[in-house]
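Below is one structure; the comments refer to it alone.
Letters go in sequence order (proteins before strands), and every chain restarts at 1.
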Amino acid sequence: MNRYEKLGKDPIARENEILASWQSTDAFRKSLERTRGGPRYVFFEGPPTANGKPHFGHLIPRVYKDLFPRYKTMRGFYVERKGGWDTHGLPVELEVEKAIGVNSKPEIEAYGVERFVQRCKESVWRYKADWERMMERMGFWIDLEDAYVTYTDAYIETLWWELAQMFERGFLYQGHKVLPYCPRCGTGLSSHEVAQGYRTVEDPSVSVRMRLVSDAGSSYKLERSGRTSLLTWTTTPWTLPANVALAIAPDEVYVEVETGGERLILAKARLGDALDHEYAVVRELAGRDLVGLRYEPPYPLLSDERAYRVLGAGFVNTEEGTGIVHTAPAFGEDDYALGQAEGLPFLHPVDLRGRFTEEFALCAGAFVKDADRTIIEDLKGRGLLYRFALYEHEYPFCWRCDTPLLYYAADSWYIETTAVKEELLEHNAHIKWYPEHVGTGRFGDFLENLKDWALSRDRYWGTPLNLWVCAGCGKTIAVASRDELVERAEDKALARAVELHRPYVDAVRLVCPACRGTMTRVPYVIDAWFDSGSMHTAQWHYPFENEDRFRENFPADFICEAMEQTRGWFYTLLATSTILHGELAYRNVIATGLGLDESGLKMSKSKGNVIDPWQLIDLYGADTLRWYLLSSSAPWNSKRLGEADVKEPLYRFLDMLRNTYDFFALYASIDGFDAAVHRAREEDLAVLDRWILSRLASTTQGVVTCLDSYDAMAATVLLEAFLDDLSNWYVRSSRRRFWRGGMEGDKVAAYATLYRALVDLVRLCAPFVPFISEAIFQRLRGVQDPESVHLCEYPVGEAERVDLALESQMAFARKVVSLGHQARNEAQIKVRQPLRGAAACGSLAAGPISLPEAVLALVAVELNVERVEQVGNLDTYVQPVPAPNFRTLGPRLGPLAPRAAGWIKSQPGALLKEQLAQGPVEAELGGERAAILPEDVSFATGLADGFVLVEDAGIRLLLDTRLDEELTEKGLVRELVHRIQLLRKEAGFEVTDRIEVRYEGDRVLEACLAANRDPIASEILAVAMESGLRGDEEHRQDLVIDEGHVTIGLVRVGRPGPR
RNA sequence: GGGUCUGUAGCUCAGCUGGUUAGAGCGCUCGCCUGAUAAGCGGGAGGUCCCUGGUCCGAGUCCAGGCAGGCCCA
């Protein structure tokens, strides 16, 4: 009898049961089996790093990363979802440094690189269990058993092969470039790393005199030798010892001024801001006139003819400073480039830990930033300091350890990505970006301004750069495989067994193919972004094995990660695939927004406002979170993750779904409905059935269209609208059909329709909210059905079921009902009180609607009126009030339109209406005349007695609120029925219990009960109703109804089973 | 400083190609319905559609310039 189990109100317990059932039936595996022969839909997993805990922000992309593969799987595609873990890189090293209490590379060396690397390898898995638990609990189906791991020898071997390809084809080169460098970590950072660490800080800014010593070789003639200086400006005083030149803008105007007993030269445009004292301009000069001048640097560490000259440079501006730029090629990108172009000597008095060397004795051993003060004091003492101030600007800090970064000229290996810029742009043009502007804007601009990829890192835990250099002849080779390593190695046994990590692989020496000398590996590891960006190839250990799997799974149809990955993984995937395979790596990409905390701030570890996902998962469940994230806004909008925000969809959608199912379960169990046996005959389908089946079909088509274009939110909107129709109109209006006794055609039609709607709905919802969909499906499914909703085919919608005219009619009907409720509200008449009638007129935006009798009957029942009619207009009840129609007035009358509108409003409605019925009316508009046409005016309301009129969106409803005795008595009957039903419930009776009713009370109420015994009895399932209480009733209560009294007693008479 | 997105009710967000009175959900409040009852429905209050200018008969919508916020980049 109780065949359809109710869902239960605890979503957490329910979800846990579902998880257990998926596990025991191996549902994910089976969903792959089912589609194995199908067309492929390729998804790439952007690998997380498991040395940090998963936090809420990680859930956002994951929800989409699960939705689309699930959807495509149900559509019959084979969607392998190989998991992956990102395992290398500086973040891992830093965690370990913290754990073992060291803070620099020398300390790591002292600790032992081998031990250190082993610790890194362990650290990488620190939170693996948390990640797996989170993914499982959220219902994220991905193959973690066969996940790729970037630190394995096989993975690294593929990376080596890739790098060797690049090396052979000339993409790898060694450069000496100025890079942002972290002196604590001892390595250069790539641009995406630097970007994470900008902070506003106050730094000293100084203006410094550089005394002119010679005008030889320039067109400037020195007049006051010994007391004429170039005034230069910098925010990094510590770079002054490395000064080798000054740069000016050749096309700007400079001036020499006499001030405070000295002569200073600076850009004319800076006169106002850069000088502290009174001055007199001695002469104006073109910037180019200064080129070639020689000056005395503050710290003459070099005795080189090429140094200490004034040079012209394009990057000099006169926006700030003095227009004369201090140039230290070791510490600035522009400076370096100028140094290269002009053949300047290179001065680098700072070691790799950021401390001055002996070369600069004044501050030897001091960290450069700390030396600022000493240098400033020194300059002041020597009369070279002109001005000192604090200057607020953005300065980059190491994103992991918060040390200020220094711009350093350092050796680094690069990938010449700029060589394939055109291909990258071309490929990008074929990628569908969601949102589009990321592809054209953020990512497109990045590609337009592409720089070569700084690949090498002077660190320990990473993929070793596979370059060996010969000590003898300098030849460099890139090893492409383990076999090649063995073949070239001096010690082949070692090479065969060695782990492809530092320090082990460093011990492998090769024989130089050119000179037979010994080759040693360069000391670098590579940027970990290369690891993850190569997963398209390396996850299969291609080309060493799995060629077919690689081919089948490249490129990806879909990837999705957080927006921050634009220049990270999104870029490195594309760069590597373009260079190696000459193809794009993915066709569709969703970039998701940030996770915000309850008050709308970005969640970040440093702010300490990171929300633990478990807090909300345990409270509301995975489905709620999923539906919230999918339905609240577009994926790229940032999402607030406060409790209150997440709670909303629980009520809005999931509870309604649960209730709709529970309603079905209640009655279908009572009636023993069986979808396999009770099939609806087409001719038995009521208008409601045909309508909801049409809505189902059109919703299905809509959802499929949305999902095919990666618009999850639009799909959720459609699903919510459908569920509202199903619950608040179909079920609500069909209730009496289910309550009826027997199992005749109409009732079967109702059950079969609701069953069908529910089954299809949960199939539609399955990729979005897999748990509740499964729970309902399990309760509904028949023996022939798949054992999980996730093994079903996704519905696509039966086009022949779609009846748009009927859908419009019903939409109109619902609108009319809503107006009816509003009218009753205004008239203060309860719905329980029957009324004589209502009349509706109007149309929907789409056009005129004519409601069939069956639909009008539904409206009548819902509004509890005896009759609803649809009329062309309500003129007999309504006095027209004219309103202007701007759509016609505007185009025809132009500027006169507002005045015409005023005129129309001021006219007596009935008269104007009559006149317009004859044709155009002449209007006097403040001196001008214009014709007002019938279509220029619409007419609204005004009303007669005993009626209430309500109106919205072009639909009007008139409610007849006049009561007579008959209606009043009917109202009383409804009231009695309602009160007795409440008593039944209070008494704790089952809905199917039959009862006997006894009553004693006022004459009016007794008479009413007696006169309406049969209709009342059938409503309340009474087998007998009689006057007179006996005292043995199970439940008894005094009722006050309209100031009358009646005492009602109830007795159960057994349960005869289905009605 | 550059790119980009956003700015609409107390909160979260819709608003298509310009068109009469700008919407939904939540919250608040009043009421209703109830044989789905820890659901459901209706009403009400609540809005300078960020600002200024422009185009237009008409601008939340288009254009320009600001302001504020977010993200990315320097």
Side-chain angles (χ1 to χ4, degrees), chain A residues 6 9 191-192 194-196 198 319 394 396 435 437-438 440-446 448-449 562-564 566-567 591 593-594 596 600-602 628 631-634 636-640 642 644-649 651-653 655-656 658-667 670 713-714 717 720-721 724 727-729 731-732 735-736 738-739 817-826 828-832 862 864 883-901 938 940 950-954 977-978 981-982 984-985 989-993 1019-1021:
Chain A
K6 286 209 176 188
K9 283 155 194 160
S191 53
H192 50 257
V194 178
Q196 316 228 11
Y198 275 90
E319 312 266 297
E394 298 271 298
H437 65 79
V438 172
T440 51
R442 188 174 293 205
F443 195 61
D445 289 349
F446 174 68
E448 288 289 350
N449 301 308
M563 192 86 73
E564 300 95 270
T566 304
R567 287 156 203 238
L594 294 166
L596 307 177
L601 294 169
K602 179 178 178 173
Y628 167 67
S631 68
S632 62
S633 63
W636 47 86
N637 289 348
S638 35
K639 301 255 186 331
R640 201 185 274 222
D645 306 285
V646 173
K647 195 159 74 176
E648 207 182 299
Y651 299 116
R652 192 177 61 204
F653 185 73
D655 268 3
M656 202 188 277
R658 171 174 66 80
N659 265 289
T660 306
Y661 167 75
D662 279 351
F663 174 89
F664 171 85
L666 176 63
Y667 292 107
I670 290 171
M713 192 185 82
V717 170
E720 287 185 358
D724 180 71
S727 173
N728 289 328
W729 190 243
V731 169
R732 187 179 170 81
R735 280 181 297 194
R736 291 202 159 257
F738 296 108
W739 299 337
V817 166
S818 172
L819 289 170
H821 284 139
Q822 189 178 333
R824 278 183 170 273
N825 227 318
E826 272 178 31
Q828 298 276 312
I829 298 176
K830 298 177 175 188
V831 176
R832 225 178 290 138
E862 188 60 27
N864 196 16
N885 179 9
F886 285 94
R887 274 185 193 275
T888 56
L889 285 171
R892 200 175 77 247
L893 297 182
L896 273 179
R899 267 190 275 166
S938 57
V950 287
E951 172 165 22
D952 186 55
V977 167
H978 168 58
Q981 298 287 25
L982 286 181
R984 285 182 59 115
K985 195 169 300 171
F989 297 171
E990 296 293 326
V991 290
T992 48
D993 287 337
E1019 283 293 313
I1020 62 176
L1021 299 187

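- By the 30° and 60° cut-offs, the orientation of the rings of A:Phe738 relative to A:Tyr667 is parallel.
- In this view, A:Glu862 and A:Arg732 satisfy the side chain to side chain donor-acceptor pair (under 3.5 Å) rule, not counting sequence neighbours.
- Shown here, B:rA59 forms no base pair; nothing in the strands shown gives a Watson-Crick or G-U wobble contact with both key distances under 3.5 Å.
- Separating the CZ atom of A:Phe653 from the P atom of B:rA39 is a distance of 18 Å, rounded to the nearest angstrom.
- The nucleotide B:rC49 finds no pairing partner, because no Watson-Crick or G-U wobble arrangement with both distances shorter than 3.5 Å includes it.
- Straight-line distance between the P atoms of B:rA22 and B:rC49: roughly 11 Å, to the nearest whole Å.
- Using the Watson-Crick or G-U wobble rule with both distances under 3.5 Å, B:rG25 pairs with B:rC11.
- Pairing partner, B:rG69: B:rC5, with both Watson-Crick or wobble hydrogen-bond distances short of 3.5 Å.
- Nucleotide B:rU20: unpaired (no Watson-Crick or G-U wobble partner with both distances less than 3.5 Å).
- Applying the side chain to side chain donor-acceptor pair (under 3.5 Å) test to A:Asp445 and every residue at least two apart in sequence or in another chain returns nothing.
- Of the candidates B:rC5, B:rA36, B:rC41, B:rC41 carries the atom nearest the A:Asp724 side chain, counting heavy atoms from C-beta on.
- Nucleotides B:rG53 and B:rG44 have their P atoms positioned 34 Å apart, rounded to a whole Å.
- Atom CE in A:Met563 sits about 9 Å away from atom P in B:rC72, given to the nearest Å.
- Residue A:Gln981 has its side chain nearest to B:rG35 when only B:rA36, B:rG35, B:rC41 are considered.
- Between A:Asn728 and the phosphate of B:rG40, there is no side-chain N or O to OP1/OP2 separation shorter than 4.0 Å.
- Listed nucleotides: B:rA38, B:rC73, B:rA36. Nearest to the side chain of A:Arg735: B:rA36.
- Residue-level contact check: A:Asp445 touches the backbone only, with heavy atoms under 4.0 Å from sugar-phosphate atoms and none from bases.
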I'd like a table of atom pairs between the protein and nucleotides 14-20 of chain B - only N or O on both sides, under 3.5 Å - with the distance next to each one.
unit_1, atom_1, unit_2, atom_2, d
B:rG19, O2', A:Arg887, NE, 2.9
B:rG19, O2', A:Arg887, NH2, 2.6
B:rG19, N2, A:Phe886, O, 3.4
B:rU20, O2, A:Pro884, O, 3.0

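- Here A:Arg892 pairs with A:Asp936 under the side chain to side chain donor-acceptor pair (under 3.5 Å) rule; sequence neighbours left out.
- Considering only residues two or more places apart in sequence or on other chains, A:Asn659 meets the side-chain contact (heavy atoms from CB on, under 4.5 Å) condition with none of them.
- Contacts of A:Arg984 classified as salt bridge (charged side-chain N to carboxylate O under 4.0 Å, His left out), with partners at least two apart in sequence or in another chain: none.
- Checking B:rU4, B:rG40, B:rC73 against every side-chain atom of A:Arg732, the shortest atom distance belongs to B:rG40.
- Regarding contacts with the backbone of B:rG35, every side-chain N or O of A:Tyr667 stays at 4.0 angstrom or more from both OP1 and OP2.
- Minimum atom distance to the side chain of A:Leu1021 is reached by B:rG35, of the listed B:rA36, B:rU4, B:rG35.
- B:rC72 atom P lies 14 Å from atom CZ of A:Phe446, rounded to whole Å.
- Pairing of B:rG42, defined by two Watson-Crick or G-U wobble distances under 3.5 Å, is identified with B:rC30.
- Comparing B:rA59 with B:rC50, their P atoms are spaced 15 Å from each other, to the whole Å.
- In this structure, A:Val438 reaches neither bases nor backbone, as no heavy-atom distance under 4.0 Å exists between it and the strands shown.
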